[in-house]
S.K.: 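Take this structure, written in C-alpha cells, and hold onto it; I'll ask about it next.
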2 protein chains.
Amino acid sequence: MGGSLKNEMTREGSKDAATQSAVETAYRRIRHMILTGEMRSGDKLLENQLATTIGVSRTPIREALNRLNAEGLVVLERYRRGIVADFSLEDAIEIFRLRAILEGHAAGRAATRISDTHLDRLQDLERVMEKQFEELGWNEHLEGFDKLNAEFHAVIASAAESPRLEKILASSLELPASIFNRYSEPVEMRTRRTHAQHREILSALKARNPEWAQAAMNAHLFSLLPTASGSLEHEAGNVG
Amino acid sequence: MGGSLKNEMTREGSKDAATQSAVETAYRRIRHMILTGEMRSGDKLLENQLATTIGVSRTPIREALNRLNAEGLVVLERYRRGIVADFSLEDAIEIFRLRAILEGHAAGRAATRISDTHLDRLQDLERVMEKQFEELGWNEHLEGFDKLNAEFHAVIASAAESPRLEKILASSLELPASIFNRYSEPVEMRTRRTHAQHREILSALKARNPEWAQAAMNAHLFSLLPTASGSLEHEAGNVG
DNA sequence: TTCCCAAAATTGGTATACACTTTTTGACGA
DNA sequence: TCGTCAAAAAGTGTATACCAATTTTGGGAA
C-alpha cells in the first residue's frame, strides 16, 4: 500500500474533518469520558441526559451506547439504564493476555511489512515520548504519553496489514487509563521500562526480524500485565 | 410478573421464551440470511424493505445493520444503502489465521478448565455429526453439520473462560458458509479430515493437555485455511 | 454511445408518542 | 425502627412522521 501516512498530531481534528455524524460525536465523547476516567465504573448513562449534554437526540446516543456495549466499556441490559463497565483485576489480566497474543502477532507481521515512513514515525513518537518524560517528569507527562503510546501501538497494528486484527485491537481490548493505574505497578517504574522496551521493539522492526519483534512485543505487554500475586503492594488510593 | 399480552407471531421461544427484542429478531434474521447464503455478497440491504419483511420498524433494523456492520458482515457508508459484505480469498485467509491463533489459545486454556459435562457434550456433538455424515452423505448432512460444528467450537471457546476471547470469536471472525465452499477444497475431502481432527482435539482435552489441545486446534484450523497457492484447482463455479 | 442534470429514492437525524420494565417513593403494619 | 408492598416516577424499546443530506435513477442532449 502507498504510504499515505501523514497522521495528525493535532488534538483530534483531522484536517478533513468532514461533518461528523451524530453517532460518531456521541460515541467519541462518551468513550473519551470513560477512558480518561471522567466517568467511573458504575456511573449511570442516561440516554436523555447524554442527549442534552452532547447536543444530539436520543437516537444517535443509543447507537453510541450500543457500540460501547459491544466493545465492553458499557454494560447494557434490557430496560435497565446503562452503566460504565467495571473492570476487575481479572478483566485487566485477560485483556493484557489477549493483547500480548494479538499485538505480538501483529508485530511479527509488521516486521516484514512496515514501510520506512512508518518506521520513522515510530522513531519520532518514541523520541517525543522520552523527551516529554525528561522534561515533564513521570507525573506530568502522562496525559501526552497515553496518546503517543496509543499511536505507537496503532502504527504497528496498522503495519501488520490485517484489518480485522487491527479492528479487534482498536475496539475490543481497551482499558480505562484509571484501571491501568489501579492494578499496575507505580507509574514511574513501569514508564522507564516501557521506553526501553519500545526501543527494543523498534530495533526488531528495523532489523525486519519477525520473531524478535513478536517476542519483544510479547515481553512488553506481559511485563505490564498485572498479576494477582505480583508486586502490587501499593495502595490504590484515589484513582481520579 | 404480570402476564403481558404481546403480539408474538414467532414461536421461537423454548421454555423460557424470553421475549426477543425487535433488534435481536432483526439482527438474527439478517445475520442468518447472510451466513447461510440466502443473501449474497453485494446484495442490497434496504431498511424499509427489511422492516416490512421482518415485521418491525426502521429503528431496530438500523441498529441491527449497525451491529452487523461492526462485525464485518455488512458494509455501511453514510447515505449509501447497505450491502452484504464481500469476502475475498485474502479475507478468508486472514480470518482463518486469526481463528487459528485465538481458538488454539482457547483450546489450550480449555484443556485445564473444561468440565466433564462439557466434555460429554463435545463427545455427543461429534458423534451426531459423524452419524449424520454416515447416514446422509457429505452432501445432505451439511445443513445440520454447520450448526453442530459451530456449537462444538463454541463449547470449547466457552470452556476457555475468557469472556472477551469468546466474544471476539463469536462476533468478529465469522464467514458466510458459501465463502467456505468457494475457497476451500471440496467438501467431502475436508469433512473426513475434520472429523478425525475433532476426535484428536477431544482426546487432547480429555487428556487435559493444553499444548496438545492448542496444537490440535491449530492444525485443524490451519488445514482449513485456504492458500493462494494451495490445492485449489477446482473451479468456483456457481456458489449457490 | 456518453455526459449531465433533475427527479426519485434512501439514509441520517430529530421529535414525539406510547408500551413495557425497572427503580424509587412513601404509606402501612409488625 | 424496619421491612413490605403497591403506586408513582423514571427510563428504555419501538413506532411513526417528518425533514435534510446524499445517493441513485432515468431521461434527454451532445
Side-chain angles (χ1 to χ4, degrees), chain A residues 16-31 33-34 39 41-71 73-86, chain B residues 1-10 12-13 16-31 33-34 39 41-71 73-86:
Chain A
D16 226 6
T19 318
Q20 300 268 15
S21 71
V23 306
E24 264 311 286
T25 305
Y27 169 75
R28 279 200 226 279
R29 288 276 297 270
I30 301 171
R31 180 169 172 279
M33 289 193 285
I34 297 174
M39 294 192 101
S41 297
D43 282 2
K44 293 188 257 288
L45 295 155
L46 305 186
E47 295 177 357
N48 277 316
Q49 174 199 308
L50 289 168
T52 52
T53 300
I54 297 180
V56 298
S57 69
R58 262 182 77 199
T59 312
I61 295 286
R62 289 175 54 92
E63 284 195 14
L65 288 179
N66 276 316
R67 237 165 111 180
L68 292 163
N69 174 240
E71 296 179 4
L73 292 178
V74 161
V75 176
L76 295 185
E77 283 175 282
R78 204 176 183 207
Y79 295 125
R80 288 206 160 87
R81 19 194 204 209
I83 59 173
V84 177
D86 177 54
Chain B
M1 304 297 180
S4 58
L5 58 147
K6 304 180 62 70
N7 45 359
E8 41 196 307
M9 49 196 90
T10 55
E12 198 157 359
D16 220 10
T19 315
Q20 301 269 14
S21 71
V23 307
E24 264 309 288
T25 305
Y27 168 76
R28 278 200 227 278
R29 288 277 297 269
I30 301 171
R31 180 169 172 277
M33 288 191 285
I34 297 174
M39 295 191 101
S41 297
D43 282 1
K44 294 187 256 290
L45 295 156
L46 304 186
E47 296 177 356
N48 278 316
Q49 175 200 308
L50 289 169
T52 52
T53 299
I54 297 180
V56 299
S57 71
R58 262 182 77 200
T59 313
I61 294 286
R62 296 185 48 173
E63 283 196 15
L65 288 179
N66 275 312
R67 221 164 124 184
L68 292 162
N69 175 241
E71 296 179 4
L73 292 178
V74 161
V75 177
L76 294 184
E77 282 174 280
R78 210 173 185 215
Y79 296 123
R80 291 211 165 88
R81 358 189 225 220
I83 58 174
V84 177
D86 176 55

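Throughout, protein chains are lettered first and strands after them, A, B, ... in sequence-line order, and every chain is numbered starting at 1.
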S.K.: Could you tell me which non-hydrogen atom of A:Val84 sits nearest to which non-hydrogen atom of A:Ile34, and how far apart they are?
M.R.: CG1-CG2, 3.8 Å
S.K.: How long is the line joining CD1 of A:Ile83 and P of C:dT23, in whole Å?
M.R.: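 Rounded to whole Å, this separation is 10 Å.
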S.K.: If you assign each of B:Arg58 and B:Glu63 to its closest nucleotide in DNA chain D, which residue comes earlier from the 5' end?
M.R.: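 Counting from the 5' end, the first nearest nucleotide belongs to B:Glu63.
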S.K.: So, do B:Leu76 and B:Leu68 sit near enough that their side-chain heavy atoms are less than 4.5 Å apart?
M.R.: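 No, too far: nothing below the 4.5 Å cut-off.
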S.K.: Select one nucleotide: of C:dT10, D:dT12, C:dG12, the one nearest the side-chain heavy atoms of A:Arg62.
M.R.: D:dT12
S.K.: Is a salt bridge present between B:Arg67 and B:Glu24, judged by a nitrogen-to-oxygen distance below 4.0 Å?
M.R.: yes
S.K.: How long is the line joining CD of B:Gln49 and C1' of C:dA9, in whole Å?
M.R.: 13 Å
S.K.: I'd like to know if B:Arg78 reaches the base of C:dG13 with its side chain, counting only an N/O donor and acceptor under 3.5 Å.
M.R.: no
S.K.: For the side chain of A:Asn48, starting at C-beta, report the closest nucleotide among C:dG12, D:dT12, C:dT11.
M.R.: D:dT12
S.K.: A:Arg81 has a side chain; which of D:dA10, D:dT14, C:dT14 sits nearest to it?
M.R.: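 Of the candidates, D:dA10 comes closest.
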S.K.: Between A:Asn66 (side chain) and A:Arg62 (backbone), is there a donor-acceptor pair under 3.5 Å?
M.R.: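 Present.
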S.K.: State, with a plain yes or no, whether a side-chain heavy atom of B:Arg28 is found less than 4.5 Å away from one of B:Gln20.
M.R.: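 Yes, at least one pair of side-chain atoms sits under 4.5 Å.
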S.K.: Tell me which of B:Arg80 and A:Leu45 sits closer to the 5' end of DNA chain D, going by the nucleotide each one is nearest to.
M.R.: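 Checking each residue's closest nucleotide, the 5'-ward one belongs to A:Leu45.
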S.K.: Tell me the interatomic distance from B:Asn66, atom CG, to C:dT11, atom P, rounded to whole angstroms.
M.R.: 12 Å
S.K.: What is the distance, rounded to the nearest whole Å, between atom CD1 of A:Ile54 and atom C1' of C:dG13?
M.R.: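 Whole-Å distance recorded here is 15 Å.
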S.K.: Roughly, in whole Å, what's the span from CG in A:Asn69 to P in D:dG13?
M.R.: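 In whole Å, D:dG13 P and A:Asn69 CG are 10 Å from each other.
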S.K.: Rounding to an integer number of Å, can you tell me how far A:Arg67 CZ sits from C:dG12 C1'?
M.R.: 14 Å
S.K.: Just checking A:Leu46: base, sugar-phosphate only, or nothing, at a heavy-atom cut-off of under 4.0 Å?
M.R.: sugar-phosphate
S.K.: What nucleotide among D:dA15, D:dA10, C:dT21 has an atom nearest to a side-chain atom of A:Tyr79?
M.R.: C:dT21
S.K.: On DNA chain C, does the nearest nucleotide to B:Leu65 precede the nearest nucleotide to A:Ser57 from the 5' side, or the other way round? Give the residue.
M.R.: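 Nearer the 5' end of the strand: B:Leu65.
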S.K.: What is the distance from CG of A:Leu76 to C1' of D:dG11, rounded to the nearest Å?
M.R.: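 In whole Å, D:dG11 C1' lies 13 Å from A:Leu76 CG.
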S.K.: Can you check the A:Leu50 CG to D:dT12 C1' distance for me, whole Å?
M.R.: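 Going from A:Leu50 (CG) to D:dT12 (C1'), I get 13 Å.
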